[in-house]
Amino acid sequence: MTDKLSFLLDGVEIPFHKGQTIMQAATAAGAYIPHLCFHPDLAPHGSCRLCIVDINGKTVSSCTQPAEDRQEVHSNIPELQQARLRLIQLLFAEGNHFCPSCEVSGNCQLQALAYDLGMTHYHYAPFSAVRAQDASHPELFIDRDRCILCDLCGRASCSSDNKNVYGLSGRGEQTHLIFRSQSGNLADTAASVHDHAAHICPVGCILPKQGNYMQTIGSRLYDNAPIHKVGNHRM
Ligand code: FES
């Protein structure tokens, strides 16, 4: 008898300790569950739903679901991969993700997941959003058209940078990225290009103004292996 706690993820035993979520335990064990709004050092947000898993026929988000001993968890099954593909296609339709001209191309988790899930077309009519950009900051440019509302920057700004620069405001389709300054401009916050929050964006919304397009094709994060093998190292 052992008192070690573990569950099965697609048949692979994953150890965990009490209080860990399925995603936290899987990540710590080196197993990949697709995700966009999860970061191992930050509180879960549970908003992107890419991390859905099946437990006894019930679909739950693994980044918020506590792990339980001897649970059988299924992630890499056709129904869930298809649901994830539709979520990715919705995000592509909702934002302006023109990968060939985006400087994050090759390092973008959204793009990498689209490749991994076999996305070949939009599926949904593009929303063609036009949202206010922010170029006020000397070191950072913000392209709100690419924001996927994951709030990773907001959570990193609070808990890693102790600054509370970034946040989300509005409801439903009006939800948008804000900067906590009186003017609403990023330049009037304490944001710095050296912040954790400035480098945690999983897409191409928060961009440094200097040093762009430095990586050649072939040397970018997802050039040589799919995201389910590489994982998320853009942290
Ligand atoms: Fe779980 Fe986004 S990673 S909902």
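Note that the numbering runs from 1 along the sequence shown for the chain. Every number for a ligand or one of its atoms is a count from 1 in the order of the listing. Treat the numbers as computed from the prediction; the structure is a model and nothing was measured.
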- Backbone N/O of D41 and side chain of H39: donor-acceptor pair under 3.5 Å: yes

- Item | Derivation of the side-chain hydrogen bond (donor to acceptor under 3.5 Å, both in side chains) call for S75 and R84 | CA-CA 11 Å; S75 171; R84 289 172 180 139; 3.0 Å; yes

- Message: Taking 4.0 angstrom as the limit and counting only heavy atoms of F38, give me the atoms of ligand 1 inside it, by number and element.
- Response: 3 (S)

- For ligand 1, which atoms have a heavy atom of G46 less than 4.0 angstrom away? 4 (S)

- Query: Which atoms of ligand 1 sit under 4.0 Å from any heavy atom of S47?
  - Reply: 4 (S)

- Which of the atoms in ligand 1, numbered in the order shown and given with their element, are less than 4.0 Å from a heavy-atom of C51? 1 (Fe), 3 (S), 4 (S)

- Task: Would you check if the distance from the ring center of Y32 to the ring center of H228 is below 6.0 Å?
- Result: no

- Task: Measure from the ring center of H45 to the ring center of H35 and say whether it is less than 6.0 Å.
- Result: no

- Got a donor-acceptor contact below 3.5 angstrom from the D134 side chain to the L186 backbone? yes

- Task: If you have a sec, work out which protein heavy atom is nearest atom 4 (S) of ligand 1 and how many Å separate them, to one decimal?
- Result: R49 N, 3.1 Å

- Proximal ligand 1 atoms for H35, defined as those under 4.0 Å from one of its heavy atoms: 3 (S)

- Query: Would you say C48 reaches atom 1 (Fe) of ligand 1 with an N/O/S atom under 2.8 Å?
  - Reply: no

- Item | Polar side-chain atom of E13 near backbone of G11 as donor-acceptor pair, under 3.5 Å | no

- Part of S62 with heavy atoms under 4.0 Å of ligand 1, whether side chain, backbone, both or neither: neither

- C37 backbone or side-chain N/O/S under 2.8 Å from atom 2 (Fe) of ligand 1: yes

- Item | Salt-bridge contact R144-E94 (side-chain N to carboxylate O under 4.0 Å) | no

